[in-house]
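Comments concern the structure below.
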Amino acid sequence: MKRICVLGLGYIGLPTASILATNGYQVLGVDIDPQVVRIVNSGGLPVGEPGLKTIVKAAVGSGQLRAACRTEPADAFIIAVPTPVTAGKEADLRFVEAAAESVVPVLARGNLVILESTVPPGTTRDLLVPWLERSGLKAGEDFFVAHCPERVLPGRILKELIENNRVIGGIDPPSAMLAREIYSRFVEGEIFLVDATTAEMVKLIENTYRDVNIALSNELALICTRLGINAWEVIRLANFHPRVRLHLPGPGVGGHCLAVDPWFIVHKFPAESRLVALSRQTNDNMPGHVMKELAGILNGIERPKVTVLGVSYKANVDDARESPALNIIRQLAERNIDFAVYDSHVKDFPGELVSLTEAFRSSDCALIVADHEEFKYLHPQELGKLMRRRTVFDTRCCLDHGLWKAHGFTVHVLGVGGGETNGQFSVTR
Ligand code: SAJ
């Protein structure tokens with residue numbers, strides 16, 4: 001295996017292609033977007049990810065990585081395309097099918113096709129293999145197929161690509177072993193070989209576990225608010241138990257993974273996955289809950305203005321797609337509430353982003369939605385002077401509430417009853 005074709009140059013495909021290229025493979029990165037192809041070929045970045053620029057530059061500069069819009073013959077094909085969910089909560093596998101279709105004409109005897117995209121259980125065996133067999137070749141005899149789901153965390157992709165364990169699911173043992181040959185070139189974690197459907201399920205249940213866990217904490221946040229106590233403190237103390245690992249509440253679960261993958265299970269097994277479906281709904285209801293609390297905070301203020309801080313789907317990433325902030329902003333607009341948005345990470349945003357000063361000017365409430373690292377160091381003194389009312393609503397419990405209160409702020413925190421935090425609590429995250 002010398003030549004590898006990586007289909008899809010997004011958050012996963014581009015880092016994977018670059019790492020393979022810097023590890024001695026001759027890599028062709030394929031993307032349907034000519035703009036992405038142009039950017040990569042010039043050593044640039046179509047997506048933001050710490051450290052990626054250097055590795056793409058190194059890969060392209062050495063001549064080991066180039067990008068194109070068309071799939072070309074190779075020894076191995078790695079499919080890393082998006083698998084979104086439809087309005088009906090079904091996996092949209094059109095991109096996987098299109099990628100497979102582009103491989104069919106160039107597929108040759110002895111080739112290996114690896115699917116990295118997250119897919120519903122059974123997809124590799126029941127959808128990918130039949131697609132590839134349109135080539136006239138037989139999977140397991142003429143060519144090999146494996147599912148090797150990506151499991152890296154946006155913001156830490158390069159590190160996790162190398163250090164994380166990998167689960168490789170083959171349609172047969174030779175396929176899994178062949179795929180291992182490629183990943184073992186750069187993976188420092190352990191590599192586990194299983195069947196393709198097991199690998200699909202491992203990936204789905206990892207994200208589902210997080211989603212259900214977060215739903216539990218969000219439910220706890222609502223209960224604690226009613227009780228007049230602090231959910232963050234409850235979680236912190238409960239997590240000292242050696243077998244408890246509660247996640248954190250928040251304004252909702254975003255991104256293309258946790259908010260999507262559980263549906264791949266629910267859609268196929270609705271009767272068996274009621275807890276998974278309920279958790280999804282619980283998390284989807286959080287932006288509505290934030291809006292309800294915010295409306296209470298703004299009650300009685302004539303023509304209020306809200307400062308929205310952080311619109312990416314989570315801290316320290318530039319990705320605002322599927323972010324709970326978008327839902328909150330939509331609700332603000334529907335209610336005719338004036339707002340201004342600040343986020344120094346996000347560039348691609350379907351609305352106006354303004355400077356920090358502009359966002360705080362004449363504002364009645366600062367609403368923290370994404371807990372970017374720098375927000376923890378915001379000093380309330382000067383910002384407070386810009387505002388009409390010194391109020392902050394922290395949905396991530398990330399500010400130094402004692403400090404903000406000391407500067408005359410009324411502090412509201414999601415999951416904390418009684419309207420204000422008791423400044424005496426120190427929350428360890
Ligand atoms: N969130 C909370 N509370 C928490 C943790 C997260 O509300 O305690 C929210 C975040 O703010 C965000 C969402 O959940 O809106 C998802 O964030 P995340 O950091 O849990 O996950 P992703 O979507 O960035 O990446 C996940 C990872 N999966 C796991 O950790 C099991 C990553 O390893 C996967 O590769 C990725 O999904 C994927 O591509 O599937």
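Just so you know, these numbers use all the heavy atoms, side chains as well, and skip hydrogens, waters and symmetry mates. Because the structure is predicted, anything quoted here is derived from the model rather than measured.
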Notebook entry, point to check: With no hydrogens and no angle check, is any side-chain donor or acceptor of Asn218 less than 3.5 Å from a backbone partner on Thr282?
Noted result: no
Notebook entry, point to check: If every non-hydrogen atom of Ala100 is compared with every non-hydrogen atom of Leu128, which pair is closest and at what distance?
Noted result: CB-CD1, 3.8 Å
Next item on the list: Say whether, by atom type as modelled, one donor and one acceptor occur between the side chain of Glu49 and the main chain of Gly155 under 3.5 angstrom.
Entry: yes
Check: Do His372 and Asp343 meet the criterion of a side-chain donor-acceptor pair at a distance under 3.5 Å?
Finding: yes
Next item on the list: Would you indicate whether the side-chain heavy atoms of Leu14 and Thr16 approach each other to under 4.5 Å?
Entry: no
Check: Below 4.5 Å, heavy atoms only, C-beta onward: do Phe393 and Leu414 meet side chain to side chain?
Finding: yes
Item checked: Side-chain donor or acceptor of Glu150 paired with backbone N/O of Glu116 under 3.5 Å -> no
Note to self: Show the nearest heavy-atom pair for residues Ala17 and Leu65, with the distance to one decimal.
What the structure shows: CB-CD1, 4.0 Å
Checklist line | Cys69 versus Val37, closest heavy-atom pair with distance | finding: SG-CG2, 3.8 Å
Next item on the list: Take Arg335 and Met291 through the test side-chain contact (heavy atoms from CB on, under 4.5 Å) and record every step on the way to the result.
Entry: CA-CA 10 Å; Arg335 288 170 182 244; Met291 194 59 233; 3.5 Å; yes
Note to self: If you compare all heavy atoms of Val260 against all heavy atoms of Thr83, which two are closest, and at what distance to 0.1 Å?
What the structure shows: CG1-O, 3.9 Å
Note to self: Quick check: do Thr410 and Trp404 have side-chain heavy atoms less than 4.5 Å from each other?
What the structure shows: no
Margin query: Under 4.0 Å between a side-chain nitrogen and a carboxylate oxygen: does that hold for Asp400 and Lys376?
Written below: no
Margin query: Do Glu374 and His345 pair up side chain to side chain, a donor and an acceptor below 3.5 Å, judged on atom types alone?
Written below: yes
Check: Is the side chain of Asn213 donor-acceptor paired with the backbone N or O of Tyr209 at a distance under 3.5 Å, no angle test?
Finding: no
Next item on the list: Please tell me if the side chains of His379 and Leu403 come closer than 4.5 Å, counting only heavy atoms from C-beta onward.
Entry: yes
Next item on the list: Decide if atom CD1 of Ile32 counts as having more than 12 heavy atoms of other residues, nucleotides or ligands within a radius under 6.0 Å.
Entry: no
Notebook entry, point to check: Per the side-chain hydrogen bond (donor to acceptor under 3.5 Å, both in side chains) rule, which among His147, Lys203, Glu200 passes with Thr118?
Noted result: Lys203
Item checked: Exercise: identify the closest heavy-atom pair between Ser363 and Ala366 -> OG-N, 4.4 Å
Margin query: I'd like to know if the side chain of Arg396 and the backbone of Val413 have a donor-acceptor N/O pair within less than 3.5 Å.
Written below: no
Next item on the list: Using a strict 4.0 Å threshold on nitrogen-to-oxygen distance, state whether Arg210 and Glu206 make a salt bridge.
Entry: no
Item checked: CZ/Arg330: more than 12 non-hydrogen atoms of other groups inside 6.0 Å -> yes
Note to self: Between the side chains of Glu382 and Lys385, is the shortest nitrogen-to-carboxylate-oxygen separation below 4.0 Å, so that they form an ion pair?
What the structure shows: yes
Next item on the list: To the nearest 0.5 angstrom, please state how far the OH atom of Tyr183 sits from the CD1 atom of Ile162.
Entry: 14.0 Å
Next item on the list: Dump the intermediate steps for side-chain hydrogen bond (donor to acceptor under 3.5 Å, both in side chains) on His256 and Asp319, then the final yes or no.
Entry: CA-CA 10 Å; His256 333 287; Asp319 193 350; 2.9 Å; yes
Check: Do side-chain atoms of Glu322 reach the backbone of Gly254 as a donor and acceptor pair under 3.5 angstrom?
Finding: no
Next item on the list: Output the distance between atom SG (Cys224) and atom CZ (Arg226), rounded to the nearest 0.5 Å.
Entry: 12.0 Å
Item checked: Donor-acceptor pair, side chain of Thr198 and main chain of Val194, under 3.5 angstrom -> no
Notebook entry, point to check: Counting N and O atoms only, with roles assigned by atom type, does the side chain of Ser312 sit under 3.5 Å from a partner on the main chain of Val317, one being a donor and the other an acceptor?
Noted result: yes
Checklist line | Test item: Thr123 side-chain N/O and Leu127 main-chain N/O as donor-acceptor pair under 3.5 Å | finding: no
Check: Any ion pair linking Glu72 and Arg66 (charged N to carboxylate O, less than 4.0 Å)?
Finding: yes
Notebook entry, point to check: When rounded to the nearest 0.5 angstrom, what distance separates CG in Leu248 from SG in Cys397?
Noted result: 8.5 Å
Notebook entry, point to check: At their closest point, which heavy atom of Glu160 faces which heavy atom of Leu153, and how far apart are they?
Noted result: OE1-N, 3.0 Å
Check: How about Leu378 and Leu356: do any of their side-chain heavy atoms sit closer than 4.5 Å?
Finding: yes
Checklist line | Crowding at CZ, Arg185 (>12 non-hydrogen neighbours, <6.0 Å) | finding: yes
Check: Should Ile78 and Leu7 count as side-chain neighbours, where that means a heavy-atom distance under 4.5 Å?
Finding: no
Next item on the list: Any chance you could lay out the side-chain contact (heavy atoms from CB on, under 4.5 Å) test for Val308 and Leu332, step after step, and finish with the verdict?
Entry: CA-CA 10 Å; Val308 180; Leu332 285 168; 4.0 Å; yes
Notebook entry, point to check: Quick one: does Leu367's side chain get under 4.5 Å of Thr307's, heavy atoms only?
Noted result: no
Margin query: Side chains of Asn285 and Gln281 only: does a donor on one sit below 3.5 Å from an acceptor on the other?
Written below: no
Checklist line | Gap separating the CD1 atom of Ile328 from the OG atom of Ser323, nearest 0.5 angstrom | finding: 7.5 Å
Check: Under 6.0 Å from the CZ atom of Arg94, do we count more than 12 heavy atoms belonging to anything else shown?
Finding: no
Notebook entry, point to check: Nearest 0.5 Å, what's the OG-OH distance between Ser355 and Tyr342?
Noted result: 8.5 Å
Notebook entry, point to check: Can you tell me how far CD1 of Ile337 sits from CD1 of Ile329, rounded to the nearest 0.5 angstrom?
Noted result: 12.5 Å
Margin query: Is there a side-chain contact (heavy atoms from CB on, under 4.5 Å) between Thr124 and Val145? Walk through the geometry before answering.
Written below: CA-CA 8 Å; Thr124 306; Val145 183; 3.8 Å; yes
Margin query: side-chain contact (heavy atoms from CB on, under 4.5 Å) for Val369 and Leu309? Distances and angles first, verdict last.
Written below: CA-CA 6 Å; Val369 187; Leu309 294 173; over 6 Å; no
Notebook entry, point to check: Can you find a pair of side-chain heavy atoms, one from Asp318 and one from Val47, that are under 4.5 Å apart?
Noted result: no
Margin query: Do the side chains of Asp364 and Lys305 get close enough for a salt bridge, i.e. N-O under 4.0 angstrom?
Written below: no
Notebook entry, point to check: Does any N or O in the side chain of Asp31 come within less than 3.5 Å of the main-chain N or O of Val36, such that one atom is a donor and the other an acceptor?
Noted result: no
